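Notes follow once the structure below has been shown.
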Amino acid sequence: MSWAGPEDIYLSTSLASYLDKKLLILLRDGRKLMGTLRSFDQFANAVLEGACERVIVGDLYCDIPLGLYVIRGENVVLIGEMDLEREELPPRMTRVPTEEIRRAQKVERDASDLKGTMRKRMEFLDLD
């Protein structure tokens with residue numbers, strides 16, 4: 001049987017300082033979520049209110065609204081508080097609609113897949 005030890009208190013205390021603040025959360029799969037932390041538990045599962053996923057492809061970005069969102073703690077890589085006073089993105093970034101960012105993601109993914117496929121085909125050359 002497992003029980004919470006003294007080291008578990010520090011995790012809870014640090015997340016408690018983020019309650020009711022706007023956060024940026026990086027997930028293991030690379031997604032970036034933004035929203036207001038409303039609740040969490042001892043496993044670092046978190047509830048974000050007004051959540052959105054920020055998708056960035058090159059100089060294009062889009063914030064896809066998700067609403068109330070539950071995040072499993074084991075998927076969290078990084079949590080940071082957002083500074084509401086500062087500009088969030090560099091001026092070169094262009095906001096685009098969801099459909100356009102999805103197309104850009106597909107093009108980027110296809111290019112990456114092609115590069116991987118070409119690398120596999122060239123392995124027999126052993127250029128090292």
Side-chain angles (χ1 to χ4, degrees):
M1 183 167 143
S2 173
W3 58 278
E7 64 278 356
D8 296 326
I9 294 171
Y10 299 116
L11 175 64
S12 298
T13 305
S14 64
L15 281 178
S17 66
Y18 289 126
L19 276 174
D20 299 325
K21 294 186 178 167
K22 187 164 184 177
L23 303 179
L24 174 67
I25 300 179
L26 178 63
L27 301 180
R28 283 191 328 188
D29 63 3
R31 289 185 295 158
K32 294 164 278 304
L33 303 179
M34 300 182 313
T36 305
L37 182 65
R38 291 299 181 206
S39 183
F40 65 92
D41 65 11
Q42 71 270 23
F43 304 109
N45 297 322
V47 177
L48 290 183
E49 182 181 56
C52 65
E53 178 182 356
R54 174 155 291 170
V55 180
I56 300 174
V57 179
D59 287 344
L60 306 176
Y61 80 97
C62 180
D63 291 336
I64 302 170
L66 303 171
L68 192 65
Y69 205 76
V70 178
I71 302 169
R72 189 174 172 98
E74 68 181 24
N75 292 322
V76 175
V77 173
L78 180 75
I79 297 177
E81 184 178 354
M82 295 183 67
D83 187 355
L84 302 177
E85 305 283 322
R86 295 186 57 202
E87 181 73 25
E88 292 183 27
L89 291 168
R92 64 178 166 74
M93 300 295 289
T94 305
R95 185 181 191 122
V96 295
T98 305
E99 300 79 31
E100 188 173 337
I101 203 75
R102 292 292 184 212
R103 279 193 301 272
Q105 274 184 312
K106 184 175 182 340
V107 167
E108 186 178 63
R109 190 172 41 252
D110 290 347
S112 176
D113 291 348
L114 178 63
K115 184 178 178 182
T117 302
M118 292 304 290
R119 185 171 288 145
K120 285 180 184 175
R121 288 182 184 171
M122 301 298 282
E123 282 178 354
F124 73 92
L125 292 176
D126 193 28
L127 297 175
D128 293 332

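Excluded from the calculations below are hydrogen atoms, water molecules and symmetry mates; all remaining heavy atoms, backbone and side chain alike, are included. None of the values given here were measured: they were computed from a predicted structure. Here, residue 1 is the first one in the sequence, and each next residue gets the next number.
- Side-chain contact check for L15 versus I79: some heavy-atom pair is nearer than 4.5 Å.
- Residues T36 and L48 have side chains not in contact (no heavy-atom distance under 4.5 Å, counting atoms from C-beta outward).
- Within the 4.5 Å cutoff, side-chain heavy atoms of L27 are placed close to those of L33.
- For E74, the side-chain hydrogen bond (donor to acceptor under 3.5 Å, both in side chains) test picks out R72, with sequence neighbours left out.
- Note that the CG atom of D83 and the NZ atom of K21 stand 11.5 Å from one another [nearest 0.5 Å].
- In this structure, the side chains of V107 and R103 stay at 4.5 Å or more apart for every pair of heavy atoms.
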side-chain contact (heavy atoms from CB on, under 4.5 Å), that's the test. Do R102 and I64 meet it? Break it down for me. CA-CA 11 Å; R102 292 292 184 212; I64 302 170; 3.0 Å; yes
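- Under the side-chain contact (heavy atoms from CB on, under 4.5 Å) criterion, T94 pairs with L60, V96, not counting sequence neighbours.
- Residues A51 and Y69 approach most closely at CB-CB, 3.7 Å, considering heavy atoms.
- The CZ atom of R54 sits 13.5 Å away from the CG atom of L26 when rounded to the nearest 0.5 Å.
- To the nearest 0.5 angstrom, L78 atom CG is 7.0 Å from L24 atom CG.
- What you find for E49 and L68 is that their closest heavy atoms are CA-CD1, 3.9 Å.
- Judged purely by atom type and a 3.5 angstrom limit, N45 uses its side chain to pair as donor or acceptor with the backbone of G73.
- Nearest heavy atom pair, residue C52 against residue P65, reads CB-CA, 3.9 Å.
- The two residues C62 and P97 make their nearest non-hydrogen contact at SG-C, 3.9 Å.
- Using a 4.5 Å cut-off on side-chain heavy atoms (C-beta onward), E81 and L37 make no contact.
- Annotation: the span from D59 atom CG to R92 atom CZ amounts to 5.0 Å, rounded to 0.5 Å.
- Contact of the L19 side chain with the R38 side chain is not registered, since no non-hydrogen atoms from C-beta on lie closer than 4.5 Å.
- In this structure the side chain of M34 never reaches within 4.5 angstrom of the side chain of L23, judged on heavy atoms.
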Could you please spell out the steps behind the side-chain contact (heavy atoms from CB on, under 4.5 Å) verdict for E53 and V55? CA-CA 6 Å; E53 178 182 356; V55 180; 3.8 Å; yes
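- In terms of hydrophobic clustering, with Ile, Leu, Val, Met, Phe, Trp and Tyr side chains grouped at heavy-atom distances under 4.5 Å, L66 and F40 are assigned to a common cluster.
- Both V76 and Y18 belong to a common hydrophobic cluster when Ile, Leu, Val, Met, Phe, Trp and Tyr are linked at side-chain heavy-atom distances under 4.5 angstrom.
- Atom CG of D110 and atom CD of E108 lie 10.5 Å apart (nearest 0.5 Å).
- Using a 4.5 Å cut-off on side-chain heavy atoms (C-beta onward), I25 and I71 make contact.
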